[in-house]
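Since this is a predicted model, take the numbers as computed values, not measurements. Lettering of chains follows the sequences in order, A, B, ..., and the numbering in each one begins at 1.
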Amino acid sequence: MSLVISVFFQSFVSFLKTSWGCFNRPYETYRKISSGSFNLLSTFFIFFFVCVYFAWESLIRTPFRSPYVLTYNFGLSFLAAATGFSLIVGILYFLGEKTHEKISLERVVILWSYSLLPTVIWFFSTSLIYMILPPPRTLSVWGKGFSIVFISFSIALLGWKIILYYLTLRFGLRISLKKILTVSFVVIPIIAIYSLGMYYLRIFRIPFI
Amino acid sequence: MEEISVVSPQELGPFTLFYKVIASQLKVHPWKSAGVAALIATLLLYLALGGAFIKIASLLQYGF
């Protein structure tokens, strides 16, 4: 039992250190993750926070607090996110095998998992802001000021996501920038189709990827 | 040595120097550059779109 607790805390500390590294020094952190000697269990905490977010989101969005409806909404969101995650990891792995020698699926999974950090942070903070300052925004000074801050924050997180996406391809697939751009020409339309599908199915307005 | 050579250096022909300047900033201080770039992009969008910018912010708030 004490071994399990010890492994749990080690993984949690590893998750915190790696998350801070992804925020502060993403290049070095991703290089270290891809080196091979990395704690896969630490990615459990990312998926834990994803589950916490979906539980929170279904509570906010569901007008009546029936446990069946809440569970259904939670399950649907989680399934859709898991599908998107698996789709992107599968495509990256498949394209990586085509463009390079044999690559490690575990490495791609870990790197793409940590690229979910900006996604989870954006969705969590947007849902909290929705509760505190529900839309729509007005043309007053406060409305304009908040809109500028909120969109700056969103663009900054999008930039972080793009950096982590690039580093996933760079260190996960170990390919040059030209091949990264080639892979992106395949991946981005697929992400766009997935996003449209999620929008029309009314699961995600902004894709959770 | 193994760590240095895990990926080959990026070569982009005439754009290699430009890439290395940008990459060196993003490697060490990503949020200094990304934060400033985000703010500048937002202000440019606000100047370009005007009132539509506020509607986009409202729509984005529903995005979760």
Side-chain angles (χ1 to χ4, degrees), chain A residues 22-28 31-32 34-36 53 56-57 60-61 122-130 133-140 143-144 146-160 162-164 166-167 170-171 173-178 180 204-208, chain B:
Chain A
C22 289
F23 176 79
N24 206 24
R25 288 178 181 264
Y27 181 87
E28 282 175 32
R31 189 170 63 182
K32 199 160 77 173
S34 72
S35 67
Y53 165 71
W56 163 250
E57 179 233 10
I60 297 175
R61 288 200 165 276
W122 187 83
F123 275 84
F124 248 128
S125 48
T126 304
S127 62
L128 284 171
I129 292 168
Y130 180 88
L133 288 173
R137 302 270 66 84
T138 63
L139 291 171
S140 65
K144 287 178 187 173
F146 173 82
S147 300
I148 288 172
V149 169
F150 180 65
I151 292 189
S152 299
F153 170 71
S154 301
I155 291 176
L157 281 181
L158 179 62
W160 184 20
I162 291 170
I163 290 171
L164 295 183
Y166 167 78
L167 291 173
R170 181 86 173 114
F171 290 112
L173 309 187
R174 297 196 173 160
I175 52 178
S176 65
L177 181 57
K178 285 179 195 165
I180 288 173
F204 296 128
R205 293 188 184 96
I206 305 280
F208 194 95
Chain B
M1 205 44 213
E2 193 185 317
E3 194 179 285
I4 291 168
S5 63
V6 72
V7 286
S8 53
Q10 297 282 26
E11 295 293 335
L12 295 171
F15 300 107
T16 305
L17 183 62
F18 178 68
Y19 167 81
K20 285 187 188 304
V21 166
I22 293 185
S24 63
Q25 289 298 313
L26 293 177
K27 276 181 193 179
V28 181
H29 303 294
W31 286 99
K32 268 191 202 174
S33 339
V36 169
L39 198 56
I40 291 171
T42 306
L43 290 171
L44 287 174
L45 269 176
Y46 174 65
L47 292 171
L49 298 173
F53 179 84
I54 313 300
K55 285 183 190 164
I56 289 170
S58 301
L59 282 174
L60 211 51
Q61 274 199 267
Y62 285 113
F64 78 99

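No part of A:Phe153 comes within reach of chain B, as not one of its non-hydrogen atoms sits under 4.5 angstrom from that chain. Heavy-atom distances place both the backbone and the side chain of A:Ile148 under 4.5 Å from chain B. Looking at A:Thr138, the atoms closer than 4.5 Å to chain B (heavy atoms on both sides) all sit in the backbone: N, CA, C or O. Contacts of A:Phe124 with chain B are absent, with no heavy-atom separation under 4.5 Å from either backbone or side chain. Residue B:Ile40: no heavy atom, backbone or side chain, is found under 4.5 Å from chain A. For A:Ile180, the part lying near chain B is the side chain, with the backbone staying farther off; criterion is any non-hydrogen pair under 4.5 Å. Contacts of B:Tyr62 with chain A are made by both backbone and side-chain atoms, with heavy-atom separations under 4.5 Å.
By number of non-hydrogen pairs under 4.5 angstrom with chain B, the leading residue of A:Phe123, A:Tyr53, A:Phe150 is A:Phe150. Most heavy-atom pairs under 4.5 Å with chain B, from the set A:Lys178, A:Lys32, A:Arg205, A:Glu57: that is A:Arg205. Of the listed residues (A:Pro135, A:Pro26, A:Ser127), the greatest number of heavy-atom pairs within a distance under 4.5 Å of chain B belongs to A:Pro135. Among B:Ala37, B:Ala34, B:Pro30, the residue with the largest count of heavy-atom pairs under 4.5 Å with chain A is B:Pro30.
The shortest distance between side-chain heavy atoms of A:Tyr130 and A:Ile60 falls below 4.5 Å. Between A:Ile129 and A:Phe146 there is a side-chain heavy-atom pair separated by less than 4.5 Å.
Between the side chain of A:Trp122 and the backbone N or O of A:Leu157 there is no donor-acceptor pair closer than 3.5 Å. Not one N or O on the side chain of A:Arg137 forms a donor-acceptor pair closer than 3.5 Å with the backbone of A:Lys144.
Contact record, A:Ser152 with B:Ala38: O-CB, 3.5 Å, taken as the closest heavy-atom pair. What you find for A:Thr126 and B:Leu60 is that their closest heavy atoms are CG2-O, 3.9 Å. Of all non-hydrogen atoms in A:Gly143 and A:Ser147, the two that sit nearest each other are O-OG, 2.7 Å. Scanning all heavy atoms of the two residues, the minimum distance from A:Leu164 to A:Cys22 falls at CD2-O, 4.3 Å.
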